[in-house]
Amino acid sequence: MELRQLQYFLVVAEHLHFGRAADALRMSQPPLTVAIKKLEQELGVQLFSRTTRSVELTPAGRAYRERISPLLADLERANHELTEVGLGLRGRIAVGFVSSASYAALPGAIRLFRERRPNVDLALHPLTTNEQIDQLLEGKLDLGILRDPGPVPGLVLTEVHAEPLVVVLQAGHRLAGQAELEIEQLLGEGFVLFPYKHMSGFFALVHSLFDGFAPPRIVERAIHQETILGLVAAGLGVSILPASVARFHMPGVLFRPLAGDPRSALYSATSTANPAAAVFGQCLQEAAGDA
């Protein structure tokens with residue numbers, strides 16, 4: 001039994017006339033008649049009662065139509081939905097993001113994506129850069145928003161947003177009165193930084209600022225920016241973070257720019273050609289431009 005036989009049956013059942021059904025199907029009548037007879041033979045029942053003047057559904061034909069009609073309608077909807085998934089108009093995407101993206105382009109990108117792809121479910125996963133890289137390569141994420149990742153074989157990286165780095169100080173710190181800080185002024189300070197294994201690119205970026213000097217003395221490591229701010233506020237040490245962190249209002253901390261305007265960047269990363277993820281990437285670029 002072929003799908004086209006079922007479609008032919010429903011058209012004949014609708015018109016109750018082989019000639020008009022053939023016209024609707026844009027085919028000649030003889031092959032249509034043959035296809036219906038073959039279907040009846042395969043089913044072992046007569047679907048139509050035929051005379052020289054009329055065509056009527058038999059009781060078996062009426063029962064078959066009632067069962068087949070919704071099945072073919074479901075199949076048509078499934079085919080339509082599959083087409084929409086292929087075009088990125090429907091489906092689901094998983095997006096990972098570093099915590100600092102929450103203060104930059106991510107909120108605007110989500111709003112734009114909801115407007116443009118309302119039928120695509122968006123699953124958001126807060127993860128460190130290195131965690132995202134692993135999950136992107138494993139196919140668990142469709143798109144990642146990474147901080148200073150460096151080249152990664154197998155991933156397509158696109159810069160989304162670059163921003164200055166700032167020094168994070170406790171409000172009563174000896175350097176709090178400075179409008180701008182030199183790296184030399186931070187020598188000997190205890191630092192609260194991201195762990196290397198989770199944010200290796202950003203960790204390397206911060207260390208590069210100390211080229212020619214002793215490397216920063218790390219007194220504590222934390223995965224989330226909010227945790228780092230809390231530890232700085234408690235007087236545990238100082239930190240260097242992207243400037244967008246200043247949008248998170250943490251009592252007891254101050255932010256000071258670094259001389260030379262060193263910068264950190266967010267990147268979008270994909271490993272597959274998912275059309276919905278590509279749309280989210282476009283939204284991310286637009287939102288970053290408006291940030």
Side-chain angles (χ1 to χ4, degrees), residues 1-96 109-125 135-144 156 270-284 286:
M1 185 183 301
E2 299 177 5
L3 178 61
R4 64 181 180 85
Q5 291 176 284
L6 304 181
Q7 294 169 331
Y8 291 171
F9 163 72
L10 289 180
V11 176
V12 175
E14 177 185 356
H15 291 277
L16 294 177
H17 190 285
F18 277 83
R20 288 193 292 271
D23 290 341
L25 291 165
R26 297 183 179 180
M27 62 187 297
S28 61
Q29 183 174 333
L32 175 60
T33 303
V34 170
I36 295 300
K37 286 182 178 179
K38 184 178 178 182
L39 178 62
E40 290 176 322
Q41 290 170 356
E42 291 175 355
L43 294 172
V45 297
Q46 186 177 350
L47 299 173
F48 295 99
S49 174
R50 308 166 180 83
T51 69
T52 56
R53 306 185 65 175
S54 68
V55 176
E56 298 291 339
L57 281 165
T58 64
R62 287 193 293 272
Y64 198 53
R65 180 183 61 183
E66 290 174 3
R67 296 297 298 272
I68 291 301
S69 293
L71 291 177
L72 291 187
D74 285 344
L75 179 60
E76 184 177 351
R77 283 193 294 271
N79 289 339
H80 178 69
E81 289 177 5
L82 184 61
T83 299
E84 290 193 331
V85 169
L87 295 173
L89 300 173
R90 186 181 294 274
R92 178 184 183 276
I93 60 169
V95 174
I110 293 171
R111 286 193 294 271
L112 288 173
F113 188 76
R114 295 289 191 202
E115 293 171 2
R116 296 175 186 178
R117 293 295 185 269
N119 294 321
V120 177
D121 294 329
L122 177 61
L124 296 168
H125 302 277
Q135 294 199 21
L136 283 162
L137 295 175
E138 292 169 5
K140 296 178 180 178
L141 291 177
D142 297 295
L143 183 142
V156 178
T270 57
S271 60
T272 59
N274 183 316
V279 173
F280 190 89
Q282 293 168 2
C283 295
L284 199 59
E286 293 181 31

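In this text, all values refer to a predicted model and were calculated from it rather than measured experimentally. If you read the sequence from its start, that first residue is 1, and numbering goes on from there.
Residues Val279 and Leu112 form no side-chain contact, since every pair of their non-hydrogen atoms from C-beta on lies 4.5 Å or further apart. A 4.5 Å side-chain heavy-atom check between Tyr64 and Leu43 finds at least one atom pair inside the cut-off. Side-chain contact between Lys140 and His125 is absent, with no heavy-atom pair separated by less than 4.5 Å. The shortest distance between side-chain heavy atoms of Ile68 and Leu10 falls below 4.5 Å.
Contact detail for Gly61 and Phe9: the closest heavy-atom pair is O-CZ, 3.4 Å. Nearest approach of Thr58 to Ser49, heavy atoms of both residues: CG2-N, 3.7 Å. Here the shortest heavy-atom pairing between Ile36 and Phe18 reads CG1-CE2, 3.9 Å. Between Leu122 and Arg114, the closest heavy-atom pair is CB-NH1, 3.7 Å. Closest heavy-atom contact between Val95 and Leu141: C-CD2, 4.1 Å. Residues Ile93 and Asp142 approach most closely at CA-OD2, 3.2 Å, considering heavy atoms.
In this structure, the separation between CG on Leu32 and CE on Met27 is 5.0 Å, given to the nearest 0.5 Å.
Heavy atoms of other residues, nucleotides or ligands lying less than 6.0 angstrom from CZ of Arg111 number 12 at most.
Using cut-offs of 30° and 60° for the angle between ring planes, the Phe280 and Phe113 rings count as perpendicular.
Residue pairs meeting the side-chain hydrogen bond (donor to acceptor under 3.5 Å, both in side chains) criterion with at least one member in residues 25-35: none, sequence neighbours excluded.
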